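Proteins get letters first, then strands, A, B, ... in listed order; numbering begins at 1 in each. Since this is a predicted model, take the numbers as computed values, not measurements.
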Protein chains: 2
Amino acid sequence: MPRGLHLLASSRRDRCRLLPQSNKRVVPGATVGRLPAYLQALTELSEAGSRRVASDELASVTGVRSAQLRKDLSYLGTYGVRGVGYDVSQLIDEITAELGLTQDWPVIIVGMGNMGRALAAYGGFGQRGFRIVALADDDPSIVGDVVQGLPVCRLADSLAANERLAIGVITTPADQAQQIADRLVEHGVQSILNFAAIALRVPDNVDVRRVDLSTELQILAFHAQRRDMAKGREGVG
Amino acid sequence: MPRGLHLLASSRRDRCRLLPQSNKRVVPGATVGRLPAYLQALTELSEAGSRRVASDELASVTGVRSAQLRKDLSYLGTYGVRGVGYDVSQLIDEITAELGLTQDWPVIIVGMGNMGRALAAYGGFGQRGFRIVALADDDPSIVGDVVQGLPVCRLADSLAANERLAIGVITTPADQAQQIADRLVEHGVQSILNFAAIALRVPDNVDVRRVDLSTELQILAFHAQRRDMAKGREGVG
DNA sequence: TAGACCTTGTGAAGAAAAGCACAAAGTCGA
DNA sequence: TCGACTTTGTGCTTTTCTTCACAAGGTCTA
């Protein structure tokens, strides 16, 4: 009996509804969330001169178990060599392609307060296909500022000037975020990164990811309190 | 047979190892991650004058299924009234307590670049027990600046001046982040919010959460590419 | 008081993710 | 060529998370 047949068959049936013409397995969401970390570690290894890497090593650098790393990579295909490990640059290419980073993703940042400026200045954008093409803010005292070489325009003008915008980053106050999101969606933006402290309502075909400082702090506080409680009982019991 | 007995017994055994003296069930991590959103929605409802809310309504505002909301809340205890819903302010109190937001959490921000300044200016900190007590940066051209009413000090000085620091926020470049984390940990900080693009190594008793712009963008790109592929095939098939 | 009507709380089922453990498939030295 | 050794890929198990669906328990009107 050919090995792997059962998994292949079941994955065809269960997971490939969205990729009927692809022979790749669908990549689970949890795996997608880890691919950027692998990619970054691999890039560092590559810059340090490594040509090969074993799952143990890459896993330890990225803070996951080696079995999980191998399973994650197995969703992309069979790129490792048993007894040897993975070819660093091949793996970089595969993950880059899987994540869609070979394409061009024009980004607009809406809201040029502190956070918006910080993001505009953040180097990470420029790499990997992401390209900031517009900075928008409707505050008249900000419109016209030049941030990182780009002029700040009113949102309407930014939209008019950029027909294709792939990703919208919202860094406005929460009370404006929904309205901004609506306008972005209407303009065809289907990916939104939301820094405002509000859950955006968008159509099903639009993907929103939220980054919320306050949520992160609260989760930290929860665990900190849990630690303190455990410690307190230790002393008593 | 009394209802709920099995679950109670199994949850005592499976989940309460960390809370031997508590009669509460352990709150699953996924639930903890949603509590801040519930809390925020409830706060808004409360400010709008609502005294009661049903799971359907709260779920729809926060973007989860009502069954999930009820199950999440059930980990905190039995605070709803059948046929009626939940008391808004009671629920606020319960979630606030569960997340540890009644306590005081002194926060230090390390790295006063754009991001650090944006976070220092971010209002969300001040609420809910989080209190920025120190801003640190070792760049001599920045030390001495006053940001949001707080002076920027060298990290060593900030640590010396603040014996108790509950949460450290790292917004330095990636190549300094590990070293900063080590110093924070050595000083007793057990909760770290890491904005640097690197996986920090810390002892088991320290909790790190990472916020990475570049990761978020890459996940968005993955899904966007997936959408585009599906669309492309639609036209063909 | 009774019966119609809501909405919760939760057992059980289902789905997704994580982790284990080992056969398979390669390298390498002699 | 052969056998020792290394590391992958993955079947299987366990754990965690989500969803369903409905009895239980409450309100409210007449």
In terms of side-chain heavy atoms, does [X] have a donor or acceptor partner in [Y] at a distance below 3.5 Å?
X	Y	result
A:Q178	A:D182	yes
A:Q40	A:E44	yes
B:S214	B:Q218	yes

Subject >> Axial bend angle, the helix from C:dT1-D:dA30 to C:dA30-D:dT1: five-pair end segments, nearest 10° >> reply: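 Taking five pairs per end, the axes differ by 10°.
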Subject >> Residue met sooner reading DNA chain D from 5', once B:V81 and B:A30 are mapped to nucleotides >> reply: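 The residue whose closest nucleotide sits nearer the 5' end is B:A30.
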Original post:
Got A:V110 and A:V169 here, is their nearest side-chain heavy-atom distance under 4.5 Å?
Top reply: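 Not in contact.
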Original post:
Can you tell if the side chain of A:P36 reaches within under 4.5 Å of the side chain of B:D212, non-hydrogen atoms only?
Top reply: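 In short, these two side chains do not touch, never coming nearer than 4.5 Å.
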Residue [X], side-chain heavy atoms: nucleotide from [options] that is nearest:
X	options	value
A:R82	D:dT19, D:dC17, C:dA25	C:dA25
A:A67	C:dC20, C:dT10, D:dG26	C:dC20
B:R65	C:dC20, D:dC17, D:dT19	D:dT19

Original post:
Between A:V84 and A:G29, which is nearer to the 5' end of DNA chain C once each is assigned its nearest nucleotide?
Top reply: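 Nearer the 5' end of the strand: A:G29.
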Quick one: [X] [atom1] to [N] [atom2], roughly how many Å, whole number?
X	N	atom1	atom2	answer
B:D72	C:dT10	CG	C1'	13 Å
B:Q68	D:dC20	CD	P	11 Å
B:R52	D:dG26	CZ	P	14 Å
A:L73	C:dG19	CG	C1'	16 Å
B:L35	D:dC17	CG	P	13 Å
A:L69	C:dA17	CG	P	17 Å
B:D56	C:dT8	CG	P	7 Å
B:D87	C:dT7	CG	P	16 Å

**OP:** Verify, without hydrogens or angle tests, whether B:T171 (side chain) and B:G111 (backbone) share a donor-acceptor contact under 3.5 angstrom.
**Re:**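 Yes, B:T171 side chain to B:G111 backbone: donor-acceptor pair under 3.5 Å.
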Subject >> For the student: nearest non-hydrogen atoms of B:R164 and B:D104, plus distance >> reply: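 Shortest heavy-atom separation between B:R164 and B:D104 comes out as NH2-O, 2.9 Å.
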Original post:
At under 4.0 Å between heavy atoms, what does A:T78 touch on the DNA or RNA strands: base, sugar-phosphate, or nothing?
Top reply: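 It contacts sugar-phosphate atoms only.
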Compare side-chain N and O positions of [X] against OP1 and OP2 of [N] and report whether any pair is under 4.0 Å apart.
X	N	value
B:S55	C:dT8	yes
A:R34	C:dA18	yes
B:Y86	C:dC6	no

Original post:
Could you give the distance from CD (B:E94) to CG (B:L99), rounded to the nearest 0.5 Å?
Top reply: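 These two atoms lie 11.5 Å from each other.
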**OP:** Assess whether one donor atom and one acceptor atom, taken from the side chain of A:K71 and the base of C:dG19, lie less than 3.5 Å apart.
**Re:**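 Side chain to base: pair found, below 3.5 Å.
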Subject >> Distance-only donor-acceptor test, A:R70 side-chain atoms vs D:dG9 base atoms, 3.5 Å >> reply: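 Indeed, a donor on one side and an acceptor on the other fall under 3.5 Å apart.
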